[in-house]
Structure formats: structure tokens, C-alpha cells
Amino acid sequence: MEPIPAPSIDLVSLAPVLVLTVFGIMVLVTDLFIGKNKSALVFISLTGLLMAAISSLAKYDLPVYSFNGAYIVDHLSVFFTFIFCISSALAILVSIDFNQREGIKVGEYYSLILFCTVGMVLLASSTDMIMIFLGIEIVSICLYVLAGIRRNDPKSNEAALKYFLLGAFATGFLLYGMALIYGTTGSTKLTIIAEMIREGSVRSEPLMLMGVVLLIIGFGFKVASVPFHMWAPDVYQGAPTPVTAFMAVGPKAATLAAFFRVFAETMPEISPSWGILLYILSVLSMFIGNLGAIMQTNIKRLLAFSSVAHVGYLLIAIIAKNSLGSASLMFYMLAYAFMIFGAFGIVILIGRKGDENLEIENYSGLAYKHPILALSMTIFLLSLGGLPPLAGFVAKFYIFSAALKEGFVVLVILAVLNSAISFYYYLKVVVYMYMKEPIKEFNITLSPMTLFVVAIALFGTLHLGIFPGPIIALAQY
Amino acid sequence: MFSYCWIILFAPIAGFTILSWYGNRMSRERVGMFGCATVGLSFLVTLVALSELLLDAEKQKGAVSTLYNWVTAGSFSLNLSILIDPLSVFMLLIVTGVGFVIHVYSIGYMREDPEYSRFFAYMNLFIFSMSVLVMAADFFFLIVGWALVGLASYLLIGFWKEKTSAVLAARKAFVMNVIGDVGMIIAAFMIFDHLGTLNFLDVFTLAGEAFRPNDDAILLITLFLLVGAFAKSAQIPLHTWLPDAMEGPTPVSALIHAATMVTAGVYLVARCHVLYELAPYTMYLIATVGVVTAIFAGSMGMVQYDIKRVIAYSTMSQLGYMFLAAGVGMYSIAMFHLMTHAFFKALLFLGAGSVIHGSNDEQDIRQMGGLRQAMPITHITFLIGSLALAGFPLTSGFFSKEAIIINAYHSDMGNIVFWAIAVLGAAMTGFYIFRVYFYTFVGQPRTSVHAHESPPIMTAPLVLLAFFSLTVGFGGYMVDDFLATYFGMHMPHPDDPVFETIGVGAGLVGIAAAIVFYMTGKDRLEFIKQMLAPVYDLLFHKYYIDEIYDYLIVKPTRATGAFMEEKVERDGIDMAVDQVGTQVREVSRVISLWQSGKVRTYAFNMIVGVVIILMFVVFQ
């Protein structure tokens with residue numbers, strides 16, 4: 001019997017994961033010893049995120065494989081780790097005042113965000129399907145709990161349960177797909193699978209194709225692309241608003257990173273078979289997302305449908321499968337993080353205890369009472385739509401250029417057409433804010449931490465839009 | 001070179017920013033002065049650029065001034081840059097010059113509006129957007145400017161937001177313009193796909209080698225660009241928003257919907273003339289649509305009673321003439337008419353605004369009359385504007401329109417049909433504008449409202465514009481010389497006294513017809529005695545003639561105009577556009593219904609999705 005080789009253990013490359021786990025546990029333990037004031041937990045969590053971001057830079061001779069080629073530190077993973085840390089930090093900052101207002105008093109909240117971030121980093125750094133599966137599950141389980149964290153709110157419970165049931169269902173597909181691919185190639189390691197595909201022996205294997213299709217279905221559910229998007233509006237609406245924002249950015253970015261690794265990097269040779277499927281999913285997501293958003297009256301549902309449409313745009317980066325595609329994916333997610341946290345930050349500010357003011361009607365006349373909030377919201381929404389010179393435009397510009405470089409002209413034209421449609425509903429909110437009379441008194445508490453998040457998001461949206469050069473250079477490194 | 005020209009952009013955008021933030025805290029005088037000063041500064045800088053171009057023929061080839069490199073993706077990069085050449089400076093002169101005059105007029109016109117500073121902020125935003133449009137050095141920033149003027153126009157049409165009709169009109173204009181924007185974007189993609197660049201100078205250099213005349217690709221590109229041009233310039237069938245846009249304040253109609261924004265389509269064709277010359281079929285289409293719009297809009301203008309709507313239809317019709325000129329390859333004539341039109345049409349709108357202002361916001365010409373005595377300055381300037389529009393000899397409109405009509409026949413791409421329709425349109429022009437003139441200024445007051453002359457801050461711009469409406473026509477040769485470097489040719493001067501006389505005569509016939517039909521009672525007799533004393537006896541039996549005319553011309557014309565408006569416009573084109581919106585909302589509603597909220601429905605839908613995908617893969 002051959003001895004089982006001991007995996008090479010490289011803890012330095014695992015540093016962000018370790019740091020986040022340790023800090024997550026610290027939050028749990030500290031929670032036992034402090035009273036009702038949770039600000040110490042916030043401080044610990046933010047420190048953890050900062051240290052994780054710094055520790056991700058520990059390896060500077062990229063790329064580095066470790067754990068027998070199951071884990072990689074490369075440009076993509078480091079950039080994404082930064083996006084995760086930024087978005088988790090913004091989520092925590094935006095939660096402070098919200099949790100106080102809504103009476104969410106559990107310390108686990110912050111540790112769950114940290115653990116979720118662990119899952120995301122794993123997802124972005126895995127080069128082994130087992131690890132990818134683990135990452136997805138860590139992220140999902142944390143999200144199920146976070147969505148239902150308001151135990152006394154039936155809507156929150158409903159969201160969590162729906163998300164869990166459908167998520168478990170989708171995980172089945174994902175795992176089955178992985179099993180089929182393992183069955184044909186004999187390995188779960190992406191590098192080995194890539195090599196076998198390059199050699200050509202497994203290319204036309206029907207089981208391989210079936211596995212690829214099931215993987216797309218599994219990933220498609222996790223990123224909420226049509227036709228597996230139906231959970232998104234309900235869950236986005238029911239979950240506490242900071243969790244919604246968190247869900248819309250970090251986990252989605254992580255899944256897309258893994259998506260890119262598995263498809264664009266591992267199996268570019270058989271791209272005709274999966275490319276056409278992603279093409280269809282992308283076009284459907286854009287159209288259903290944008291058209292669905294038009295009739296929404298609830299701002300969270302509107303943003304949920306719009307996020308479905310954004311997944312449509314993001315899939316284009318995977319379809320393009322070139323280096324510009326990965327760079328544009330990174331840039332888009334960073335820009336998206338700022339826009340989404342900005343928009344949800346405003347949504348949180350508009351609400352008050354017992355009345356979250358989530359109907360778009362409630363935004364009527366905001367510009368007269370709070371011109372700066374209205375202007376910021378306008379900037380975030382227009383940026384989501386892709387208006388130059390805001391971050392959203394530059395992000396779309398790079399994704400579309402990546403696709404044009406590969407000759408997907410029709411796809412890009414459809415995407416641009418969709419951006420035009422999307423302005424219809426983004427501007428609807430703007431029209432309410434600027435052109436309608438208020439329907440009731442705004443009773444807004446301008447909580448400083450949420451305002452801080454909005455300010456950061458505003459800076460990010462404008463800066464990435466007007467001076468995108470340095471960040472793009474980093475992403476294209 | 002020309003880096004100081006960035007001031008033309010920065011001044012109005014600074015005005016917009018400052019007025020929207022501090023406008024409410026500034027006194028009204030300050031707001032007005034500040035709003036005008038920014039545009040005035042832009043105008044002065046444009047004059048400097050103009051003098052530099054005139055003094056140094058070498059610079060007329062055009063120069064690009066770059067601020068910094070914005071984004072780069074692979075071989076493609078976008079710079080923040082502006083193009084200064086004779087064409088862009090020519091347009092800037094109109095935008096900032098006429099814009100400045102209209103800003104000054106607005107100080108008086110909007111005096112009592114509670115949201116004075118918001119108005120000036122939007123107007124500054126518009127000047128900025130329009131400057132971006134005409135100074136853009138590539139298709140990308142052209143589209144940015146294109147969309148921005150649409151936004152500014154939306155904000156200004158819907159300025160009185162408590163007025164439902166204004167908000168609806170604003171929305172309609174916006175939707176129509178977005179259709180145009182999408183066309184432009186597709187065209188830009190196609191250009192990039194074929195040539196690998198969006199830069200004007202590069203595109204125009206490369207186009208000659210990349211395309212053969214009437215290639216599919218160049219036809220599609222020019223057609224998609226044309227969608228944008230027609231939407232912005234209100235040509236058939238994308239014109240329905242323009243008459244409705246008259247719901248906005250009158251200075252807005254004068255600035256955006258007469259002098260500047262609506263001419264952007266003509267500018268686009270002129271700017272891209274290299275591409276259009278490679279697509280003669282498209283040129284032919286432009287000329288046809290232009291000439292059809294010219295009489296279509298003219299015929300509808302003849303039956304309207306809202307003073308602003310008549311002038312709006314007239315604008316459509318004159319834009320049709322500009323497209324006709326561009327379509328037969330006479331770009332500098334199109335630009336020349338664009339300039340004279342900017343002056344006399346802004347004058348007419350501002351005059352109409354003065355009339356509306358002076359008669360307590362009345363817009364129906366049937367309620368007016370005899371304003372000649374009460375508003376002497378408005379009267380005389382409006383008369384000058386009307387004469388210029390009708391092409392009365394030696395006014396500015398005479399030179400530019402005459403050049404278009406004669407070249408509709410004599411240029412290489414012209415023909416007798418274009419010429420005949422253009423002449424018919426000229427007759428209509430004289431008729432409808434003098435109909436308004438007689439209704440409004442001549443005869444007896446029809447209501448008891450005591451009209452009053454507008455304050456000097458409003459009449460001074462009128463006098464200035466009237467002066468230019470009379471004189472700029474003599475500058476035709478200068479315009480031609482100035483633009484010749486860009487278009488690569490001078491405009492021809494066909495010598496054909498017969499056709500020319502008919503062209504001039506048509507306008508006069510139209511005016512005469514208006515005199516016959518719309519000068520009422522004593523006035524008409526007086527007028528005819530004075531003007532036509534020698535033939536007075538001949539016209540003594542005018543009542544028979546009236547009746548014959550009435551049966552042969554007036555009623556059919558009215559019926560045609562009414563038919564065009566009722567059936568073609570409202571039931572046809574408008575309905576079609578509305579239907580698009582309705583259907584989209586319907587789809588959206590269905591998608592929402594699908595979202596039942598039940599987990600088992602969702603799971604079932606997922607299964608359906610999975611099955612469809614698997615079937616797709618298996619059968620592929």
C-alpha cells in the first residue's frame with residue numbers, strides 16, 4: 001500500500017483565513033463578558049478585517065500554490081480578499097446604528113460576518129472543487145443565519161427558511177456536478193482537470209458535459225442568475241437591510257471569483273459548450289432583472305431585481321474568459337460594493353424604528369428636506385445604471401471591452417440596451433425624490449456611522465469613476 | 001493648444017453646481033447675474049478661440065486639447081479631450097451667444113417664479129451639456145453630451161412640476177431621446193468594431209479605406225447615427241415630443257427647442273459628413289425625410305391656435321430644411337440656415353414669450369389681437385422675426401432658405417421633386433407665421449385683458465436678436481469660407497433666375513394668403529388699400545374669391561392638417577410609442593406575478609429551468 005503523502009502545509013498563505021477565524025472566535029468569547037454595549041465587538045471585528053487584508057499581502061511572489069495545489073494565493077485571490085474585507089467592514093459599520101434601532105442585540109451577528117468572510121476568502125483562493133464546495137457552504141450557512149437574525153420578525157424568518165430550502169436544493173446540483181467531473185477526470189483539483197481537458201481526452205465525454213451543466217446550475221443559484229433567481233427578491237426584502245447589502249456584494253463576488261476560476265481559467269478549451277449556456281443565462285438575467293424591476297414599489301425588491309440584472313453583466317466577464325475579463329470582474333465588484341453599500345446606507349437612514357419606509361413613495365420630496373442624502377442616492381443609482389463619469393460606468397466599460405475583444409458584439413449591444421432600460425427605474429426613484437411632494441414627515445435620525453459609510457461609498461463611487469487608472473492598473477497587474 | 005477652451009465647459013458647470021447649492025440663499029439679482037455671467041464668460045472665450053482660428057489658417061485644421069487619460073482597455077483608450085475646429089467654434093458661438101441673450105431675457109421672464117435659482121442652475125447645466133456635445137473629440141463624449149442635453153431638456157420641460165401636462169411632456173421627450181441615444185450607442189459600437197477607434201479625426205481618416213460606398217456596414221452605421229439625429233431634431237417619425245415640449249417655460253423653448261439642442265442632429269450629420277458621403281443612400285433618405293418633415297410640420301402649423309405650438313411646428317419644418325440641405329450635400333448651407341434660424345426662431349419664441357407674459361399667460365391666439373399698440377417693441381421685433389422666417393427678401397432667412405431651395409434642385413443629389421416640395425413648404429411658412437402675426441398683433445383686442453409691454457430686460461434681447469435676424473444673412477460668404485476647411489468645399493451659387501424667383505415668390509404668396517384670410521374687417525380693407533391701391537379694384541370682388549379659396553384651398557388644407565394631427569400623429573405614431581411603454585410595463589407585471597412567494601413554486605421553477613437547460617445541452 002502506498003503511503004498517503006502528507007500535504008505541504010503553508011500557513012502563511014492561509015493567513016487571512018486564520019486571522020479571520022481567530023477574530024471571529026474572539027468576538028464570540030468577548031461577547032460573553034461584556035454587557036449590552038456591543039461596540040467592543042465592532043472594534044474587534046474591524047481590527048480583524050484590517051489585519052486579514054494586510055496579511056493577504058504576506059506572499060509577494062505570486063502565484064503560490066499550497067496544500068498540494070488545493071489552495072492558491074494569486075492576484076485574483078488577493079484583490080478579492082481586499083474586496084471582501086472592505087465590504088464586510090462596510091456591512092459592520094452600517095449595522096451598528098441599524099441594530100441599535102431595531103433591537104438586534106446578539107453578538108454572534110459580528111462573528112457570523114467574519115466567518116462568512118472566511119468562506120469567501122476560501123472560495124476565491126480554492127483550486128480544488130472540494131475546497132470550493134466548503135467555501136460555498138461556509139458562506140451559505142452564515143447567510144442563512146444572518147438573514148433570519150431578527151428572530152421575532154416573521155418576514156426575516158421566512159426569508160431565512162426560503163433561502164435555506166432553495167439553497168440546499170441548489171447545493172445538490174453543485175455537488176452532483178462536481179461528482180460527475182471527478183468521475184470523468186479522476187481528480188477534484190482544477191489544475192489536473194485543466195490539464196486533462198487540454199489533452200483532449202475528456203472533452204467530448206457526455207458525463208463531463210453534464211457535470212459542467214450542473215455546476216453552472218449550482219453557481220447560477222448562488223449568484224441569483226435567471227432562472228434560479230426567484231429567491232433573491234423575497235430574501236433581499238425579508239432580511240435585515242445591512243444583511244441584504246452584505247449578501248448582495250461579498251458572497252456574490254466570492255462565488256463569481258470561483259465561477260471564473262472553474263470556467264474561464266480551468267476549461268477555456270471547451271468554452272463553446274458552457275459559453276453558450278452562460279450567454280443565455282446572462283441575457284435572460286439582464287432582461288428579466290431589468291424588466292422585473294420596473295414595476296417594483298419596494299426599494300429593496302427593486303434593488304434585488306437590479307442585482308439580478310447586474311449578475312447578467314458580470315457573467316459577461318466570465319464569458320469573455322480573458323485577462324481583461326478577470327480584471328474587469330474585480331473592478332466591477334469593487335465599484336459595485338461602493339454603490340450598493342451607499343444605496344442601502346441611504347435606505348437604512350430613511351427608515352426609523354417600527355417603520356422602515358421601504359416604499360419608493362416614501363422617498364417623495366427627499367430632496368427638499370435632505371438635499372445631500374437625495375443627491376447621494378441619485379449618484380449611487382445613476383452609477384448602478386452606468387452613467388459616466390461614475391464608477392458603474394467605468395466598470396461596465398471594462399466588462400464590455402473584455403467581451404468586445406473576444407468578438408461578442410451582439411451580447412454587448414444587448415447589455416447596453418439593458419443599461420438603457422435600467423435607467424427607467426433608477427430614474428423613477430430620482431423623480432420621486434426631486435419632483436414629488438413629500439407624503440409624510442421625514443423623521444430621520446442622521447446616525448453618524450451610517451453617514452460615514454455613505455460618505456465612503458460616495459468617495460469610492462466618484463473616485464473610481466473619475467480616476468479609475470490606478471485601480472485598473474492594480475486589477476490588470 | 002486651445003487649453004483655455006476648457007473654460008467654456010467649466011464656467012457653466014461651476015454655475016450649475018454653485019446655483020444648485022447656494023442658489024436659495026442668494027438674492028434674486030445675484031442669481032440672475034451669476035447665471036448670465038457664466039454663460040457670458042463662455043461666450044467671450046469662444047470669441048477668443050474664433051479670433052485665433054481666423055488669424056491663423058493653419059489652426060483651422062482643428063486641434064485636440066487633452067486633459068488626461070481617463071480609461072484604457074487594451075488598445076482602446078479614452079481621453080478627456082475637446083476638439084476645437086471651425087465647426088465646433090461655429091456651434092459654440094450660437095450655443096453660448098444665443099444662450100447668453102436668452103439667459104438675460106430669463107431674468108425678466110422668470111422674475112416671479114419661486115424657483116428662480118433652480119431655473120438658472122438647469123439652464124447652466126444645459127449650456128454645459130450642449131458645449132460637451134459640440135466640443136467632443138470622439139463619439140463617446142458626443143454621446144455623453146447627447147444624453148446630457150436630453151437630461152437637461154427633461155428637467156427644463158418638466159420645470160413646473162405641479163403641472164401634470166408638463167411632467168408628462170418631459171417624460172415623453174426623455175423616452176424619445178433615449179431611443180435616439182440607443183441608436184447612437186449601437187452606431188458607436190459598430191464604428192469601433194470596424195475601425196478600432198472612436199476618435200473623430202481617426203475615424204474620418206480611416207473610414208475612406210475601410211468602407212466602400214454603400215457598404216452594408218457604413219449604411220447601418222449612418223442609419224443608426226441617424227436614429228439619434230432624428231430623435232434629437234424631431235424629424236418624422238421621432239418628432240412627437242417637440243410640440244408637447246412647449247409645456248416648458250418659453251425661454252427654454254427658445255434656447256433648447258429652437259436655437260440649439262434640436263439642431264444637434266444637423267450638427268451630427270455635418271460633423272460626420274465623411275461617413276455620410278460614403279453612404280449616398282442614407283443621404284437620399286436624409287433629404288427625403290427632411291423635405292417630408294418640412295411640409296408635414298408646416299401643414300400642421302397652419303391649423304394650430306396655441307402660439308407656441310405653431311412656432312414649434314415651424315421649428316420642425318425648418319429643421320427639415322436643414323436636413324434637406326445636408327442630405328443633398330450642402331453642409332455649409334445647412335449650418336448657415338442653422339445659424340439664421342437660431343436667431344430668428346429664438347426671436348420669435350422670445351417674442352411669443354413676451355406676448356404671453358404681457359397678456360397674463362394667455363397662449364391661444366384667438367384670445368389675442370391688436371397687441372400692436374400695447375406692445376410696440378414686441379410687435380416690431382416679432383414682425384422682423386416673421387419676415388425672416390418667411391424668407392422675405394434681404395432678411396437673414398431669405399439668404400439661407402433661398403440657398404437651400406435652389407440647391408435642392410441644382411446640387412448633384414437634388415431633383416425637381418425636392419425643389420417643388422421645398423417651395424410648397426416655403427409658401428406654408430409664410431402663411432402660418434403671418435396668420436399668427438395677424439391674429440396676435442393686428443385688429444381689435446378680443447378680450448378685455450389689458451396687455452402691457454414687457455420690461456426692458458426682456459425687450460433688449462428682442463431688439464438684439466431682431467438686429468441679427470435682419471443682418472446675419474449678409475454673412476453667408478463668411479460662414480462658407482470659415483467652414484470650407486472642414487467640409488472641404490465651398491457652396492456653389494447656381495445662377496438660375498427663374499427658380500430663384502419662384503422660391504422667393506412662394507414665401508410672398510404665403511404671406512399674401514395670410515393677409516387675405518386673416519386680416520379682419522376694417523383692418524384688412526385699410527391694409528389692402530395702402531399696400532395694393534393699384535389693384536384694389538381687381539380685389540374688390542374679394543368675397544367671391546374668398547369663397548372659392550375657401551372651398552379649394554382653406555378647407556382641404558385644414559382638413560389635411562387636422563387629419564395629420566388626429567390620425568397620423570395621435571392615433572398612429574403616438575399610439576405606437578405609447579404601446580411600447582405599455583407592453584414593457586405589462587411584461588414587468590407578469591414577471592412580478594411569477595414571483596408568488598411560495599417556496600414550492602420557486603423550487604418547481606428551478607426544476608423547469610434545469611430540465612430546459614439539460615434538454616438544450618442534449619439536443620444541441
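Chain letters run A, B, ... following the sequence lines, proteins first and then strands; every chain starts at 1. All figures in this text were calculated on a predicted structure; none of them were measured in a lab.
- Contact annotation: the side chain of T601(B) never approaches that of M230(A) to less than 4.5 Å [non-hydrogen atoms, C-beta and beyond].
- For the pair V178(B) and Y424(A), the minimum side-chain heavy-atom distance is 4.5 Å or more.
- In this structure, chain B has heavy atoms under 4.5 Å from both the backbone and the side chain of A170(A).
- The 12-atom threshold is not exceeded at OH of Y176(A), counting heavy atoms of other residues, nucleotides or ligands nearer than 6.0 Å.
- Within the 4.5 angstrom heavy-atom criterion, atoms from both the backbone and the side chain of I372(A) approach chain B.
- The number of heavy atoms from other shown groups lying within 6.0 Å of CZ (F164(A)) does not exceed 12.
- With a 4.5 Å cut-off on non-hydrogen atoms, I421(A) does not touch chain B at all.
- Heavy atoms closer than 4.5 Å to chain B are found in both the backbone and the side chain of I288(A).
- Only the side chain of V144(B) comes within less than 4.5 Å of a heavy atom of chain A; its backbone N, CA, C and O stay farther away.
- Contact of I294(A) with chain B is made through backbone and side chain together, with heavy-atom distances under 4.5 Å.
- Contact record, W70(B) with G465(A): NE1-O, 2.7 Å, taken as the closest heavy-atom pair.
- Within the 4.5 Å cutoff, no side-chain heavy atoms of L427(A) are placed close to those of Y154(B).
- Of the listed residues (P206(A), G292(A), P227(A), S328(A)), the greatest number of heavy-atom pairs within a distance under 4.5 Å of chain B belongs to G292(A).
- Neither the backbone nor the side chain of V212(A) has a heavy atom closer than 4.5 Å to any heavy atom of chain B.
- Contact of I280(A) with chain B is made through the side chain alone, with heavy-atom distances under 4.5 Å.
- In terms of heavy-atom pairs under 4.5 Å with chain B, the best-connected choice from F397(A), F221(A), W231(A), F400(A) is F397(A).
- For L148(B), no part lies near chain A; criterion is any non-hydrogen pair under 4.5 Å.
- Within the 4.5 angstrom heavy-atom criterion, no atom of F159(B) approaches chain A.
- Within a 6.0 Å radius of NZ in K369(A), no more than 12 heavy atoms belonging to other residues, nucleotides or ligands are found.
- A 4.5 Å side-chain heavy-atom check between I216(A) and I613(B) finds every atom pair outside the cut-off.
- Taking N290(A), V213(A), V226(A) one by one and counting their heavy-atom pairs under 4.5 Å with chain B, the maximum is reached by V213(A).
- At a 4.5 Å heavy-atom cutoff, the contact between L375(A) and chain B is made by side-chain atoms alone.
- In this structure, the portions of V610(B) lying under 4.5 Å from any heavy atom of chain A include both its backbone and its side chain.
- Both the backbone and the side chain of Y602(B) have a heavy atom closer than 4.5 Å to some heavy atom of chain A.
- Among L417(A), L404(A), V409(A), L387(A), the residue making the largest number of heavy-atom pairs under 4.5 Å with chain B is L404(A).
- With ring centers used as reference points, F140(B) lies under 6.0 Å from F393(A).
- Among the candidates P468(A), G220(A), A420(A), the residue making the largest number of heavy-atom pairs closer than 4.5 Å to chain B is P468(A).
- Proximity of the aromatic rings of Y68(B) and F467(A) is defined here by a centroid distance below 6.0 angstrom, and this criterion is met.
- In this structure, OG in S419(A) is found 12.5 Å from CG in D181(B), a value given to the nearest 0.5 Å.
- Remark: I217(A) CD1 to M606(B) CE distance equals 8.0 Å, nearest 0.5 Å.
- Summarising the local packing, OH of Y368(A) is surrounded by more than 12 heavy atoms from other residues, nucleotides or ligands at distances under 6.0 Å.
- Chain A forms the most heavy-atom pairs under 4.5 Å with one residue out of I185(B), V599(B), N605(B), and that residue is V599(B).
- For Y434(A), the part sitting under 4.5 Å from any heavy atom of chain B is the backbone (N, CA, C, O) and nothing else.
- By the neighbour-count criterion of 12 heavy atoms within 6.0 Å, atom CZ of F224(B) is sparsely surrounded, having that number or fewer from other residues, nucleotides or ligands.
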